[in-house]
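The next block holds one structure in the form of structure tokens; read it before the comments.
Numbers for residues simply follow the sequence, beginning at 1. Read the numbers this way: they start at 1 and go in the same order the structure lists the ligands and their atoms.
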Amino acid sequence: MSATAIAFPNIALIKYWGKRDEALIIPQTSSLSLTLAVYPTTTTVSLLSESAPHEVLQDGAPMPQAAAAKVARFLDHVAELAGTTRAARVETSNAGPTGAGLASSASGFAALAAAASAAYGLDLSPRDLSRLARRGSGSASRSIFGGFAVWNAGSDDLTSYAEPVDDARIDAAMVLGIVNAGAKPISSRDAMRRTVETSPYNAPWVATNPTELAFMRDALRRGDFTAVGEISERNALRMHAAMLGAVPPVRYLTAGSMALLDAVAELRNTGLEAYATMDAGPNVKTLCRSAEAASVRDALAAAAPGIEFVIAEAGPGVSVSDHGVSVSGQGPTAIAGPGAPR
Ligand code: PMV
């Protein structure tokens, strides 16, 4: 009847950019990410009576209309899976900035999928929870799992889901450089569509994905941090290149982003291994070895005064109070009991 879930954002090292099916959110390509231990979303879903409309609150106030409509559509889908027309009340809050290219939609829909499926009494496997989260936001499919996760593009609703990367042998962290915490000028959904429909660089972006993903998986397996970093940075730049080729161009990166890219390259020249990745916003996330995260943060803060830097270690998968979705290690964990958030 009521369940609370906590989910964390993830940042892709091999990016998802472009859908082949807009309604089901089936991506053109597979992607691979690291779930972070900062900026969780906490979401409670409680069932209401049959006839009521869904209620969607963010930080105690009604969620802005367009976002609330998206949540309501998602709840309709969950209710349909549960064979009911009962409405639900959603109360959600993000510990980090919303809509700023810091993966709030990933943590948001992962938490909503877990809380809603539990509240509606669906007993979903982690894979099915990942498929459900995908329907809200593609990247949310990966936040079901902790650590590194790969979202297999698949070809339909059943075959498009994320799963943990169990054989990664690197201890990575990210230093988040908050160039601008404001909401992005164009949603990733609209920007992706424009890229797919108009960018001459979309086809090569798609064509190079399988090899890049295979290189990445191999580098993770070998524990080759340098290769993981180099593949990540070029993958982010290629995604932005594909967007820049759209008509009209999609440009999320700003002068502040470029200054940070220079600062990260300079760190490498001084022997501190760091690699940049950027999503649908100007913020730059710097991948580094976990043991060197504090040094990387300090060096970047010295190079870019005025920008806030946050260290993010690898984080856990989604957790749900009072419902038993549970996978050992990197998967979702149940946290029922006296200490569980309600
Ligand atoms: O899931 P969405 O619609 O928020 O898209 C996320 C797209 C990127 O963050 C830019 C890349 C990714 O794979 O997370």
Sole residue of Val264, Leu261, Leu176 in side chain to side chain contact (heavy atoms under 4.5 Å, CB included) with Thr286: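 Exactly one option meets the side chain to side chain contact (heavy atoms under 4.5 Å, CB included) with Thr286, and it is Val264.
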For [atom], closest protein heavy-atom neighbour:
atom: atom 2 (P) of ligand 1; result: Ser137 OG, 3.4 Å
atom: atom 12 (C) of ligand 1; result: Arg142 NH2, 3.3 Å
atom: atom 9 (O) of ligand 1; result: Asp279 OD1, 3.5 Å
atom: atom 5 (O) of ligand 1; result: Met192 CE, 3.3 Å
atom: atom 3 (O) of ligand 1; result: Ser188 OG, 3.2 Å
atom: atom 13 (O) of ligand 1; result: Tyr16 N, 2.9 Å
atom: atom 1 (O) of ligand 1; result: Ser139 OG, 2.7 Å

Using a distance-only test with no angle check, is there a side-chain donor-acceptor pair under 3.5 angstrom linking [X] and [Y]?
X: Asn202; Y: Ser199; value: no
X: Glu91; Y: Thr44; value: no
X: Ser46; Y: Arg89; value: no

Those residues that, when tested against Phe74, pass ring-ring contact (aromatic ring centres under 6.0 Å, His included) (two or more places apart):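 Partners of Phe74 under the ring-ring contact (aromatic ring centres under 6.0 Å, His included) test: Phe109.
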Using a 4.0 Å cutoff against the non-hydrogen atoms of Ser105, which atoms of ligand 1 qualify?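 Listed by number with element: 4 (O).
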Please list, in number order, the atoms of ligand 1 under 4.0 Å from a heavy atom of Gly138.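 Numbered from 1, ligand 1 contributes 1 (O).
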Compute the minimum heavy-atom distance from Ala280 to ligand 1 and say whether it is under 4.0 Å.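 Yes; Ala280 lies near enough to ligand 1 that a heavy-atom distance drops under 4.0 Å.
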Under 3.5 Å: N/O of Asn10 near N/O of ligand 1: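 No; every N/O pair is 3.5 Å or more apart.
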Could you list the donor-acceptor pairs under 3.5 angstrom formed by side chains in residues 211-223, with sequence neighbours left out?
from	atom 1	to	atom 2	distance (Å)
Glu212	OE1	Arg234	NE	2.7
Glu212	OE1	Arg234	NH2	3.1
Glu212	OE2	Arg234	NH2	3.1
Asp218	OD2	Arg222	NE	2.9
Asp218	OD2	Arg222	NH2	3.4
Arg221	NE	Asp167	OD2	2.9
Arg222	NH1	Asp224	OD2	2.9

Counting the benzene-type ring for Trp, do Tyr16 and Trp151 have ring centres under 6.0 Å apart?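 Between Tyr16 and Trp151, the centre distance is under 6.0 Å.
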Cation over ring face, Arg127 and Tyr161, 6.0 Å, 45°: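 Here Arg127 passes the 6.0 Å and 45° test against Tyr161.
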